[in-house]
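For reference, the structure discussed in these notes is given below.
All heavy atoms count here, side chains included; hydrogens, waters and symmetry mates do not. Each chain gets a letter, A, B and so on, in the order the sequences are listed, and its residues count up from 1.
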There are 2 protein chains.
Amino acid sequence: MSKSTRSPATYKDIQRLTGLSLATISKYYNGRNVLASNREAIEAAAAELNYRPNAFASSLRRGVTRTVGVLLPSFQNPFHLEIVVGIEKYLRTHGIGVLVTSNEQDGTPSSVNAVELLLSRRVDGIIGVPALSDSSALATAVSIGIPVVTVDWLPSGLDADSVSLDNVQAGKVATQHLIDHGHRTLGALVGEEGMWSLQGRLDGFLAAARAAGVTIADDHIQRAPINVDYGYAAMMRLLAAETRPTAVFAGNYDLTVGAVAAVNDSGLRLGHDISLVGFDSVELAKVTSPKLTVYVQPVEQIATEAARIMNARLDDPDSTTSHVMLELPGHLQIGASVRRLTD
Amino acid sequence: MSKSTRSPATYKDIQRLTGLSLATISKYYNGRNVLASNREAIEAAAAELNYRPNAFASSLRRGVTRTVGVLLPSFQNPFHLEIVVGIEKYLRTHGIGVLVTSNEQDGTPSSVNAVELLLSRRVDGIIGVPALSDSSALATAVSIGIPVVTVDWLPSGLDADSVSLDNVQAGKVATQHLIDHGHRTLGALVGEEGMWSLQGRLDGFLAAARAAGVTIADDHIQRAPINVDYGYAAMMRLLAAETRPTAVFAGNYDLTVGAVAAVNDSGLRLGHDISLVGFDSVELAKVTSPKLTVYVQPVEQIATEAARIMNARLDDPDSTTSHVMLELPGHLQIGASVRRLTD
DNA sequence: CTGTTAGCGCCTTCAT
DNA sequence: ATGAAGGCGCTAACAG
């Protein structure tokens, strides 16, 4: 195939080769009935011209773009790549494209706001993974009337569907695992207040502790912004607490990384001197020694469900179905970082 | 702001409020000169109407979309998220949107080919991270005449710019580090043949060995498809070799994960019984015990450069500048996984 | 500086 | 089943 800088072929070119009207050609490409002979003529012409429909010309006419925006938060972890890829994979099978933006608050105020870019490109909907500070951007999307689906958590007041882990359940299961192994002095690393997901995991942690009659000391709950360094510092504080917890639950990927690093740097042996259940870090769990026990989100399923809900909203824009709040179960992946305590 | 499902405002609406012609309004939005009074009138009307330019109507007219496609390979690692986000961040400041697709060969043959989706949406260019099997898709993009920039490696025969790590140098530096620590029996884990980047790292490994007068046994070079399980198996083979290497270089993220897991599962102590230099796994390096020494790619810089080159090509489409092949240096991040051998 | 006009590629009546 | 005509929102001539 020779390189050609010529502008792409259009219906007119096909018309020239086939003698058919533009309407007929359009019908062919939209799956309506066309005489077999004409169909063949069009296909032959299209092949020769290397024709490809112009999706946005069609968008202009139809008023929909078959494109959805994906808004990533200002911080990233490996979870987010799987989300994007999962969404894209699902939507592509429905002929929908994915425009990604990240809500990085870079220094450049000149830079176009991420959501504005999406709206200007007339995306049919937005799937957002909100950071604490991103919720207002999603609100403007809601306000112009396009469907919004959030992943991971739903900022309060946002009129949108959401798909997330069943966070309370996750916190419970992880904590119960610690309790089942005989631990009674428990610590937790969780995010700042406001983020639903982390709060839910903490709620589950507390509920499991309460149900087991375990009391949690105030300084055994460490809140930190979601990043590795804060997780590290928070874990260090836990390890230095007056009475050190025998087991810790880290409520998120970044906090888990920081926590493991803190344990190692303290010269403590994971799963021996201190027990730990991490979060979301399947790959990390493989390389720690001993392997980490982690609660794993069903990332692919979350992505797929978010895409499915979005697709359903787009298929039926007038639907008045009330918003979905889907909470999916994850699972505990057992490693050897939780020691059995025998009293 | 009240939710409105009404269709978005257009120039016509602004015209109705201001009495100005469409041309003047267009000029305003394209930064041409407009009387101050008219400018204010337009701004007032736009604010009232919550007007946002329709990017693809403009595209239709101008023949460019200010959108570039990013094509991800059929396998993913955390590296790729940073690439996408880095590219998006740069391009957004230039008003360019990013349409992502992954070249997943899912079972659904009905699903639209990733590159076809991009071309149908008339992206102005494509930045691709090719997997071994994805290069033909990029070739069709090249054949229709839009600029293509590859990241990580350039499939042979593809007429495109590329940005990558200086792989040979990386392999040399990592290997020299092992040699400097007294190791003379070296092993390497690298990818299948064909991928430039992995081959370059191996070349660097071999060059450093040769320069130091170190000979490498055939079975100390293990080739594996790029994924954790194969990396694990390959490392196991190295550890079981007739004469076991004292130090190993893992040439990629996934292979590194597999290698560390294999070491741990073998009951060997990292940095003691076996030395290891990993690749790209900054986060992993923090949680292994001891911390892993890794060669780190300048991911953000790679992403930015790829975006910058793409943007330059778009700014000057007629440029006949020959293709750029940019190779950037990374750096070795020292941990404690390489033991000093004293003979 | 502003307005008029035509048309980008496609889809949708409405005839035929 | 096909064709003719108009228009989606915007921009590029050109004229004033």
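- Partners of Asp161(B) by side chain to side chain donor-acceptor pair (under 3.5 Å), not counting sequence neighbours, listed by chain and number: Arg313(B).
- Under the side chain to side chain donor-acceptor pair (under 3.5 Å) criterion, the residue pairs touching residues 19-29 of chain B are Ser21(B)-Thr24(B), Ser26(B)-Asn30(B), Tyr28(B)-Glu43(B), with sequence neighbours excluded.
- Each end of the helix from dC1(C)-dG16(D) to dT16(C)-dA1(D) gets its own axis from five base pairs, and the two axes differ in direction by 30°, given to 10 degrees.
- Looking at every heavy atom in both residues, Val115(A) comes nearest to Asn113(A) through N-OD1, 2.9 Å.
- For the pairing with Val151(A), the side-chain contact (heavy atoms from CB on, under 4.5 Å) check across Val129(A), Leu71(A), Leu72(A) returns one residue only, Val129(A).
- Just one of Ile127(A), Ile87(A), Val85(A) meets the side-chain contact (heavy atoms from CB on, under 4.5 Å) condition when paired with Val98(A); it is Ile87(A).
- For the pair Thr24(A) and dT2(D), the criterion of a side-chain N or O lying under 4.0 Å from OP1 or OP2 is not met.
- In this structure, Leu20(A) atom CG and dA4(D) atom C1' are separated by 14 Å, rounded to whole Å.
- In this entry the distance linking CD of Gln15(A) with P of dT2(D) reads 14 Å, nearest Å.
- Rounding to the nearest 0.5 Å places CG of Leu60(B) at 10.0 Å from OG of Ser59(A).
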Result block: side-chain N/O donor-acceptor pairs under 3.5 angstrom for residues 118-126 of chain A, not counting sequence neighbours:
from      : atom 1 : to        : atom 2 : distance (Å)
Ser120(A) : OG     : Pro53(B)  : O      : 3.1
Arg121(A) : NE     : Thr67(B)  : OG1    : 3.2
Arg121(A) : NH2    : Arg66(B)  : O      : 2.4
Arg121(A) : NH2    : Gly95(B)  : O      : 3.3
Arg122(A) : NH1    : Leu119(A) : O      : 3.2
Arg122(A) : NH1    : Arg52(B)  : O      : 3.4
Arg122(A) : NH1    : Pro53(B)  : O      : 3.3
Arg122(A) : NH2    : Arg52(B)  : O      : 2.8
Asp124(A) : OD1    : Thr65(A)  : N      : 3.0
Asp124(A) : OD1    : Thr65(A)  : OG1    : 3.1
Asp124(A) : OD2    : Thr65(A)  : N      : 3.2
Asp124(A) : OD2    : Arg66(A)  : N      : 2.6

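- The separation between Ile14(A) atom CD1 and dT2(D) atom P is 15 Å, rounded to whole Å.
- Applying the salt bridge (Lys or Arg N to Asp or Glu O under 4.0 Å) test to Glu300(B) and every residue at least two apart in sequence or in another chain returns Lys89(B).
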Query raised in the report: Could you write nucleotides 8-16 of chain D as a row of B, S and -, 5' to 3', where a protein heavy atom under 4.0 Å of any base atom gives B, of only sugar-phosphate atoms gives S, and otherwise -?
Result: BBBBB----
